[in-house]
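Only one structure is covered here, and it is reproduced in the block below.
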Amino acid sequence: MPPAEIPAPGATNFIHEIIEADLRAGKNGGRVHTRFPPEPNGYLHIGHAKSICLNYGIAKKYNGKFNLRFDDTNPTKEDQEYIDSIIEDVRWLGADWEDRLFYASDYFEQLYEFAIKLIKKGKAYVDHLSAEEIREYRGTLTEPGRESPYRNRSVEENLALFEQMRRGDFPDGTCVLRAKIDMASPNLNMRDPVLYRILHAEHHRTGNTWCIYPMYDFAHGQSDSIEGITHSICTLEFEDHRPLYDWFLDELEIYHPQQIEFARLNLTNTVLSKRKLLRLVRDGHVRGWDDPRMPTISGLRRRGYTPEAIRDFCERIGVSKSNSIVDIALLEHCLRQDLNLRVPRVMAVLRPLRVVIENYPEGQVEYMEAVNNPEDPAMGTRQVPFSRVLYIEQDDFMEDPPAKFYRLAPGREVRLRYAYFIKCVDVVKDARGQVVELRCTYDPATRGGDAPDGRKVKATLHWVSAAHALQAEARLYDHLFLKANPDDVEEGQDFTANLNPNSLEIVPNCWVEPSVAGAAPGTRYQFERIAYFCVDPDSTPEKLVFNRTVSLRDKWAKIAAKGE
RNA sequence: UGGGGAGUGGCCAAGCGGCAAGGCAACGGUCUUUGGAACCGUGUACCGUAGGUUCGAAUCCUACCUCCCCAGCCA
């Protein structure tokens with residue numbers, strides 16, 4: 001259920017409540033305008049999706065507007081690659097910024113003018129203290145800071161110095177522009193924060209036109225103001241920056257957006273910080289930002305997630321101000337919920353066990369009609385070839401079955417989905433005693449899956465015709481981290497100690513029914529009784545490659561696990 | 001021991017003074033040509049703690065406890 005389709009009135013979280021109160025009070029002339037303001041220094045992840053859905057959802061719900069703006073104020077960490085990926089991801093998630101794609105760098109000249117205004121008001125000064133000295137002068141959490149000796153330079157001197165900074169007269173680190181607020185403030189953000197620093201770095205958009213760049217704090221609030229953002233929604237850690245943003249807006253006498261903070265998303269069994277995700281990529285713990293195990297949007301997309309499932313998830317987790325860790329099982333639930341209704345079924349055997357139907361004529365092939373999706377008859381049917389030699393799943397046979405195992409066993413009869421009842425009459429083993437083949441017989445009267453005499457079987461197995469099946473590789477993914485909280489480690493260890501060594505299992509020799517031939521990367525299927533899969537971009541016509549998106553819920557797995 | 005936030009069943013989360021929604025998870029069961037899906041059922045939540053106000057408090061007041069964020073010329 002995309003946010004775009006639920007314009008139903010009524011607050012569903014505390015931010016909606018605030019907005020509705022504003023609307024009732026006639027604030028902003030009834031206007032609602034939000035934005036998503038990423039820094040292009042990494043890939044977007046599921047936590048960002050929460051913010052995107054929140055902001056875009058609000059714009060849709062209250063008939064407002066939504067901007068995409070890059071807060072690109074630090075050229076040393078940003079890159080066009082990130083801009084491209086972010087644009088792709090936000091669009092894929094379904095948020096529409098129409099023609100309002102902006103960059104904080106679009107406002108560099110304006111921001112510079114704002115700085116001049118503060119200097120002229122005697123509210124900003126050029127400080128020649130070194131970075132270390134500034135830190136020392138800032139004081140601590142419990143002790144007030146000290147004023148810089150350069151704090152009381154004249155307006156003229158500050159203007160001249162700032163002009164020189166812009167002109168490039170000084171090397172990096174020589175001096176900074178600082179706001180003149182209160183070195184004794186209990187809020188460290190108010191202790192004369194740095195506004196501009198010298199960075200002789202080429203900016204991915206403005207090139208070399210600037211060698212001074214505004215700090216995020218000096219750019220963010222004003223950018224929102226410039227864009228007429230009515231509700232600046234951000235995460236909790238910016239709560240104590242709010243007084244600073246308010247100070248800028250007041251001193252500059254410009255439009256005043258309202259900042260509202262909410263708790264960022266945390267998910268069990270994964271990490272959601274850019275720093276840690278970057279580390280996983282750099283250290284080769286995963287194959288890249290779009291590794292299907294990554295909680296990045298690109299990773300989830302490659303894994304087979306749908307935007308709808310992610311939106312539904314973001315809807316269900318709610319929005320509050322308390323730090324929380326959402327169970328990743330909820331994300332997976334939303335995924336299954338969505339996939340179940342729209343993804344076609346297909347039969348595939350991951351770990352093949354050869355089955356020969358002794359009484360089935362050699363060379364004969366029958367085409368069985370199979371339903372593409374029992375949840376949606378409109379998806380039609382397909383023909384699946386059946387012949388004398390088949391493959392079934394190794395797990396579907398046990399020579400010495402325990403009590404609740406209903407599947408195939410010596411002498412037992414089961415149903416082959418959409419085909420016949422078969423009975424196991426013999427088990428063929430190799431020299432090591434491994435079962436390598438099953439000899440079975442079929443009952444021609446059970447074609448279609450029912451016995452005219454009314455006898456029942458307790459299990460239905462999926463299968464594939466050996467002569468017709470396509471070879472494939474399956475990549476089975478599991479949680480990236482073993483512990484719900486990856487940061488729960490022993491002294492001296494870090495989160496990588498909790499990495500799941502089995503987060504990727506490659507099953508090289510699988511067989512899938514021929515109907516999937518030619519499927520494009522990204523195509524999703526449910527391999528019946530196993531899991532949802534999608535075609536990976538690594539797939540070739542010769543060798544199909546499938547990613548396991550999410551497994552089916554498996555009651556037998558639970559029963560089996562309990563038995564052990 | 002400065003400032004800013006938060007504490008409701010295993011995990012999220014409603015609740016805004018009148019006698020604790022919902023979802024996920026878990027556990028039973030029904031049904032089933034996916035042990036899938038669907039459907040039905042199962043939790044004495046002393047609402048962080050202790051006091052107080054009130055006929056009545058998760059909701060108001062006081063104190064305390066615990067957790068998170070802030071000392072980048074990062075965002």
Side-chain angles (χ1 to χ4, degrees), chain A residues 12-13 17 37-39 41-42 71-74 76-78 127 129-132 134-136 138-145 172-178 184-191 193-199 212-213 215-217 219-220 235-243 261 263 265 268 274 315-334 336-337 340-341 345 347 370-371 374-375 404-407 415-419 421 446 448-450 457-462 484 526-531 551-559:
Chain A
T12 59
N13 63 51
E17 284 180 8
E39 184 197 12
N41 69 343
D71 276 340
D72 52 351
T73 55
N74 185 352
T76 67
K77 291 188 175 172
E78 296 154 9
D127 193 356
L129 245 29
S130 70
E132 302 74 58
I134 286 181
R135 178 163 24 84
E136 287 165 21
R138 186 154 30 226
T140 68
L141 294 179
T142 51
E143 304 157 16
D172 291 4
T174 311
C175 54
V176 294
L177 183 72
R178 288 231 255 169
S185 172
N187 180 345
L188 303 217
N189 295 120
M190 302 299 273
R191 320 241 266 225
V194 172
L195 269 28
Y196 270 89
R197 76 287 216 187
I198 299 171
L199 246 32
I212 58 171
Y213 292 93
M215 297 291 290
Y216 171 84
D217 277 351
H220 185 78
T235 45
L236 255 26
E237 67 270 29
F238 293 105
E239 217 150 10
D240 45 19
H241 290 238
R242 189 173 0 114
E261 308 85 6
L265 171 68
T268 60
K274 281 184 184 174
E315 194 67 33
R316 293 198 200 206
I317 54 177
V319 179
S320 75
K321 297 192 70 155
S322 62
N323 294 311
S324 59
I325 306 176
V326 176
D327 194 330
I328 200 165
L330 178 59
L331 215 209
E332 293 169 348
H333 167 80
C334 294
R336 291 192 185 97
Q337 199 77 17
N340 177 45
L341 300 175
R345 273 61 168 170
M347 290 195 285
V371 173
E375 304 293 332
K404 289 176 181 167
F405 185 87
Y406 311 144
R407 285 115 96 148
R415 171 168 42 232
L416 290 183
R417 178 142 238 229
Y418 299 124
F421 282 12
T446 59
D450 283 307
V457 290
K458 292 206 75 171
T460 300
L461 310 188
H462 60 274
Q526 181 198 96
F527 288 179
E528 289 211 35
R529 302 207 307 135
I530 305 174
S551 66
L552 252 30
R553 290 184 68 231
D554 184 356
K555 279 186 187 164
W556 166 245
K558 270 184 191 173
I559 294 170

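Letters A, B, ... are given to chains in the order of the sequence lines, protein chains preceding strands, and every chain is numbered from 1.
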Rounded to whole angstrom, note down the [atom1] distance from [N] over to [M].
N: A13(B); M: G7(B); atom1: P; answer: 9 Å
N: U59(B); M: U53(B); atom1: C1'; answer: 14 Å
N: A58(B); M: G51(B); atom1: P; answer: 14 Å

Describe the nucleic acid contact of I134(A) in one word from base, sugar-phosphate, nothing, applying a heavy-atom distance below 4.0 Å.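 Base: the residue I134(A), judged by heavy atoms under 4.0 Å, touches a nucleobase.
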With a 4.0 Å cut-off on heavy atoms, is S185(A) in touch with a base, just the backbone sugar-phosphate, or nothing at all?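 Counting heavy atoms under 4.0 Å across all strands, no contact is made by S185(A).
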For the pair K77(A) and E39(A), find out whether any cationic side-chain nitrogen is under 4.0 Å from an anionic carboxylate oxygen.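 Salt bridge flag = no for E39(A) with K77(A).
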Look at the side-chain N and O atoms of [X] and state whether any lies under 4.0 Å from the OP1 or OP2 oxygen of [N].
X: R415(A); N: U34(B); answer: no
X: K274(A); N: C74(B); answer: no
X: R135(A); N: G72(B); answer: yes

Which nucleotide in the set [options] lies at the smallest distance from any side-chain heavy atom of [X]?
X: T73(A); options: A75(B), C27(B), C73(B); result: A75(B)
X: D71(A); options: C24(B), A71(B), A75(B); result: A75(B)
X: I317(A); options: G2(B), A25(B), C12(B); result: C12(B)
X: V326(A); options: G72(B), C12(B), A13(B); result: C12(B)
X: R316(A); options: C70(B), U1(B), G23(B); result: G23(B)
X: D240(A); options: G36(B), C69(B), C12(B); result: C69(B)
X: L188(A); options: A71(B), C24(B), A13(B); result: A71(B)
X: P186(A); options: G5(B), G3(B), A37(B); result: G3(B)

Does R407(A) get its side chain close enough to the base of G35(B), under 3.5 Å, for a donor-acceptor pair?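 Between G35(B) and R407(A), which were checked side chain against base, a qualifying N/O pair under 3.5 Å is present.
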Determine whether a donor-acceptor pair (one donor, one acceptor, N or O, separation below 3.5 Å) exists between the side chain of E261(A) and the base of G4(B).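 Answer is no: no donor-acceptor pair is held.
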Glycosidic conformation of G51(B), taking syn as within 90° of 0 and anti otherwise: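 Anti, which is what one calls it when the glycosidic angle falls more than 90° from 0.
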Are L236(A) and N323(A) close enough that some pair of their side-chain heavy atoms sits under 4.5 Å apart?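 Yes; the side chains approach each other to less than 4.5 Å.
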Minimal non-hydrogen separation, E375(A) against R345(A), with atom names: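 In terms of heavy atoms, the two residues are closest at CG-NH2, 4.0 Å.
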Dot-bracket for RNA chain B, please. Rules: Watson-Crick or G-U, both distances under 3.5 Å, ( ) within the strand, [ ] when a pair crosses earlier ones, | for another strand, . otherwise. .(((((((.[[[..)..(...]]].(((((.......))))).....[[[[[..)....]]]]])))))).....
With A419(A), which residues qualify under side-chain contact (heavy atoms from CB on, under 4.5 Å), at least two apart?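 side-chain contact (heavy atoms from CB on, under 4.5 Å) list for A419(A), sorted by chain: M368(A), F386(A), L416(A), W463(A).
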